[in-house]
Amino acid sequence: MSQKPEDFFKHVISHSKEYGYIFQSSEIYDGLSAVYDYGQLGVELKKNIRDYWWKAMVQLHENIVGLDAAIFMHPTTWKASGHVDAFNDPLIDNKDSKKRYRADVLIEEHIAKIEDKITKEVEKAAKRFENFDAAVFLSTNARVKEYQDKIDAINARFKTALNDNNLEDVKQIIIDLEIVCPISGSRNWTDVRQFNLMFSTSMGSVSEDANTIYLRPETAQGIFVNYLNVQKTGRMKIPFGIAQTGKAFRNEIVARQFIFRMREFEQMEMQFFVKPGTEMEWYEYWKKARLNWHLSLDLGADKYRFHDHLKLAHYANAACDIEHNFPFGFKELEGIHSRTDFDLKQHEQFSGKKLQYFDPELNQNYVPYVVETSVGLDRLFLSILSSALKEETLEGGDTRTVLNLPPALAPYKAAVFPLVKKDGLPELAESIVKDLKFDFNIAYDEKDTVGKRYRRQDAYGTPFCITVDHQSLEDKTVTVRHRDTMIQERIAIDKLSTFLEERVSLKSLLKTL
RNA sequence: GCGAAAGUAGCUCAAUUGGUAGAGCUCCAGCCUUCCAAGCUGGAGGUUGCGGGUUCGAGACCCGUCUUUCGCUCCA
């Protein structure tokens, strides 16, 4: 398509709405920012993607089992995971440069500058004196002490301000320290605001007794807190995995790009528990396995790439993303992280419960290491929909809009048409629908010319159209028209079920893995 | 959150310097009976995102607000 990426993305969005894939939430009330609903076709596609992932992960791996943990979790969970601290960033804007900074980072950078001065003093002194003892110098030199006192004072004040949630004082610290914006060089700051990326609500009907609880910002913790339950009751032996799909919620400051970054979204995660020291092997294994899964959708190998994280999160010793080429460029689709034993250790510490595994081969206990695969279902949906949407120019200059969805994921597997709405053709067509509908989601349409109906199903992404004509009454065969090639072939009615099964079932897709 | 652009029927878009809100497609009911969106007849669908202001008169101008896309920012 000779469209600008931006225009193509708008086309994806309008197509999604026009054909019932995605609607904006609460649209009649002007919508809710960055929240979307899945329509009648969208819910089918989403369900099929989820099913394909689930079967590929759980059904095809005897050492992976499923879980469905609640969205609400004990508040301490989020202290242990680090989300309470990490998701509470005090932010401040410079009014002149319009740049936003984390207030704590600005203050820490200021402290770092003072520390540099100390280092320089030490270096100077080291050159001047023989037998220089840095430790003695640090504790005795007046200038160094002055610097150090300054640092301690700032730290103490900042810590108090944060603990008391005293954002005015955080701003005052920045003003008192005469911190300037690196871009504009000005001290024209806004107030400090706290952005809590976790949604909270209260549990219990009596408000005084109400406990603040959070809507989970990730599904992983539900797996970690249940890891021992599953291991014991499922008699799981390491290495083993726990898979889960479900909603997570993040109060993003900026949530945009259609369903790419939503405030409410669905994750599909698998946490794989391994013996410490073997995690890199498994990390490589899952990198390959997950990329392979994406490639099986046949949307084009050039649309995927790995992006290795150079800066690792506090919990990880290796991490990468599988990125997909969205209409707005390569962006993260799935993350594969080697999370070490960080999460389980944290939960051991905060809960006081042992979360260890007894390894019969080693005859010893240990906290397993975890390799995580985490994919956004909504992002996957968007990657498939935007890769599948095509505006084709046919011979003769005609254009058609077609969704080349992987057949196994398409909302409708086939559509059945009577060529004309008389002569008993609708009755025969309906009897075919009746027969197929137990195994496949089938559409029926008898309105408008058959060509128009074909194009309508192309826009839906239906891989096959089955047309009943007068010959069908004679010899019990029908025309099957292929979505992608538009080629037609004649098939016996009693062979339809097998024909579809081979081409549109999840089984056919799973076998390619 | 800052900046830019935009918001008119289900979709894509019109509407002279401010002067009666329209078209195509879609949809619905019928006619026609045709294997790739194109025939005929009729019909439905709108307080122009919302609220206020200027004006004799606002879809258009001004202010506010909501939503979307883009850039910056953020993304444990």
Side-chain angles (χ1 to χ4, degrees), chain A residues 4-20 23-36 39 78 81-89 91-102 183 190-191 193 195-198 217-218 220 250-258 260-261 311-316 319 321 327-329 331-332 335 337 392 394-396 398-402 417-423 425 446-459 465-471 478-483 485-488 490:
Chain A
K4 283 190 295 180
E6 191 181 329
D7 291 337
F8 176 65
F9 189 37
K10 284 185 173 160
H11 181 49
V12 172
I13 295 168
S14 69
H15 191 89
S16 297
K17 184 184 178 190
E18 184 165 7
Y19 292 97
F23 307 122
Q24 199 181 2
S25 164
S26 323
E27 199 188 350
I28 62 167
Y29 294 109
D30 283 341
L32 187 62
S33 181
V35 184
Y36 291 90
W78 307 114
S81 69
H83 285 85
V84 171
D85 294 329
F87 267 26
N88 278 292
D89 295 335
L91 299 178
I92 190 166
D93 292 348
N94 182 273
K95 288 180 190 166
D96 297 315
S97 66
K98 309 286 187 198
K99 292 288 170 190
R100 166 169 298 166
Y101 302 92
R102 277 174 55 177
I183 308 280
T190 62
D191 288 341
R193 282 156 301 177
F195 287 89
N196 191 342
L197 263 66
M198 283 196 289
E218 65 172 25
R250 290 181 199 179
N251 195 7
E252 302 277 359
I253 302 165
V254 178
R256 259 197 309 220
Q257 286 167 315
F258 197 38
F260 183 79
R261 178 169 294 133
K311 250 180 91 181
L312 295 170
H314 57 280
Y315 55 73
D321 296 335
F328 39 84
K331 296 274 178 171
E332 179 186 353
H337 300 163
E392 285 183 352
L394 306 172
E395 285 176 47
D398 257 8
T399 61
R400 70 159 182 163
T401 301
V402 58
F417 310 144
L419 185 60
V420 293
K421 203 165 49 175
K422 61 174 190 183
D423 303 334
L425 298 187
E446 58 179 26
K447 175 119 178 81
D448 299 311
T449 63
V450 73
K452 203 174 220 176
R453 283 177 268 168
Y454 286 151
R455 298 300 177 85
R456 200 177 284 149
Q457 295 300 326
D458 287 341
C465 291
I466 297 162
T467 303
V468 174
D469 55 18
H470 291 92
Q471 189 187 332
V478 288
T479 303
V480 173
R481 180 262 197 186
H482 295 243
R483 176 194 65 196
T485 60
M486 299 169 74
I487 287 170
Q488 302 184 15
R490 231 165 153 96

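Below, all heavy atoms of this structure are taken into account, side chains as well, without hydrogens, waters or symmetry copies. Lettering follows sequence order; numbering is per chain, from 1.
- The shortest distance between the side-chain N/O atoms of A/Lys10 and the OP1/OP2 oxygens of B/rU68 is not below 4.0 Å.
- Among the heavy atoms of the strands lying under 4.0 Å from A/Thr401 is at least one base atom, whether or not backbone atoms are also near.
- Residue-level contact check: A/Ala220 touches neither bases nor backbone, having no heavy atom under 4.0 Å from any strand.
- Pairing for B/rA29 goes to B/rU41, judged as Watson-Crick or G-U wobble with the two contacts each under 3.5 Å.
- In this model, no side-chain donor or acceptor of A/Ser14 finds a partner on the base of B/rC11 within 3.5 Å.
- Distances shown here put a side-chain N or O of A/Lys452 below 4.0 Å from the OP1 or OP2 atom of B/rA38.
- Taking side-chain N and O atoms only, A/Ser33 has a distance below 4.0 Å to OP1 or OP2 of B/rU68.
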Intermediate values then yes/no, side chain to side chain contact (heavy atoms under 4.5 Å, CB included), A/Val480 and A/Gln488: CA-CA 5 Å; A/Val480 173; A/Gln488 302 184 15; over 6 Å; no
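- Evaluation of atom-type donor-acceptor distances gives a pair under 3.5 Å for the side chain of A/Asp469 against the base of B/rC35.
- Using Watson-Crick or G-U wobble geometry with both donor-acceptor distances under 3.5 Å, B/rC61 finds its partner in B/rG53.
- Using a 4.0 Å cut-off, some side-chain N or O of A/Arg456 falls inside it from OP1 or OP2 of B/rC27.
- A/Arg453 contributes no side-chain N or O that forms a donor-acceptor pair with the base of B/rC36 under 3.5 Å.
- Taking atom CD of A/Glu18 as the reference point, atom P of B/rA37 lies 17 Å away to the nearest angstrom.
- Using a 4.0 Å heavy-atom cutoff across all strands shown, A/Thr467 reaches at least one base atom of the nucleic acid.
- The residue among A/Lys422 and A/Arg481 whose nearest nucleotide of RNA chain B lies closer to the 5′ end is A/Lys422.
- Residue-level contact check: A/Lys447 touches the backbone only, with heavy atoms under 4.0 Å from sugar-phosphate atoms and none from bases.
- Between the P atom of B/rU48 and the CG atom of A/Asp30 lies a distance of 14 Å, rounded to the nearest Å.
- A gap of 25 Å separates the P atoms of B/rC25 and B/rU20, to the nearest Å.
- Ring orientation note: the planes of A/Tyr454 and A/Phe417 are tilted relative to one another, at an angle of 30° to 60°.
- Side-chain contact check for A/His470 versus A/Val420: some heavy-atom pair is nearer than 4.5 Å.
- Of all nucleotides present, only B/rG71 satisfies the Watson-Crick or G-U wobble test against B/rC2, with each distance under 3.5 Å.
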Candidate pair A/Arg481 and A/Asp458, rule side chain to side chain contact (heavy atoms under 4.5 Å, CB included), full reasoning: CA-CA 11 Å; A/Arg481 180 262 197 186; A/Asp458 287 341; 2.7 Å; yes
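- A/Phe258 has its CZ atom 22 Å from the P atom of B/rA6, to the nearest Å.
- Spacing between atom CZ of A/Phe328 and atom P of B/rC72 amounts to 14 Å, rounded to whole angstrom units.
- Going from atom CZ of A/Arg261 over to atom C1' of B/rC70 covers 15 Å, rounded to whole Å.
- Map A/Leu32 and A/Glu218 each onto its nearest nucleotide of RNA chain B; the residue landing nearer the 5' end is A/Leu32.
- Summarising the base pairing, B/rG7 is matched to B/rC66 through a Watson-Crick or G-U wobble pair whose two defining distances lie under 3.5 Å.
- Between the side chain of A/Arg400 and the base of B/rC36 there is no donor-acceptor pair of N/O atoms closer than 3.5 Å.
- Taking every side-chain heavy atom of A/Val420 into account, B/rU33 is the closest of B/rC27, B/rA37, B/rU33.
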Test log, rule side chain to side chain contact (heavy atoms under 4.5 Å, CB included), inputs A/Ser16 and A/Phe258: CA-CA 11 Å; A/Ser16 297; A/Phe258 197 38; 3.9 Å; yes
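- Base pairing of B/rU47 is not made with any nucleotide, judged by Watson-Crick or G-U wobble geometry with both donor-acceptor distances under 3.5 Å.
- Residue A/Tyr36 is in sugar-phosphate contact alone, with no base atom involved, counting any heavy-atom pair closer than 4.0 Å across all strands shown.
- Taking the side chain of A/Phe9 as heavy atoms from C-beta on, and the options B/rC50, B/rC35, B/rU69, the nearest nucleotide is B/rU69.
- Across all strands, A/Glu27 comes closer than 4.0 Å to no nucleic acid atom at all (heavy-atom distances).
- In this structure, A/Lys421 atom NZ and B/rG30 atom P are separated by 6 Å, rounded to whole Å.
- Nucleotide B/rG7 holds its C1' atom 14 Å from the CD1 atom of A/Ile13, rounded to whole Å.
- The base-pairing partner of B/rC35, taking Watson-Crick or G-U wobble contacts with both distances under 3.5 Å, does not exist among the strands shown.
- Residue contacts shown for A/Gln24 are limited to sugar-phosphate atoms, with no base heavy atom under 4.0 Å away.
- Atoms OH (A/Tyr29) and C1' (B/rU65) sit 18 Å apart, rounded to a whole Å.
- With hydrogens and angles ignored, a donor-acceptor pair under 3.5 angstrom links the side chain of A/Tyr454 to the base of B/rC35.
- Heavy atoms of A/Thr479 sit under 4.0 angstrom from at least one base atom.
- In a base pair of the Watson-Crick type (N1 to N3 plus N6-O4 or O6-N4) or a G-U wobble (N1-O2 and O6-N3), with each distance short of 3.5 Å, B/rA14 is matched with no nucleotide.
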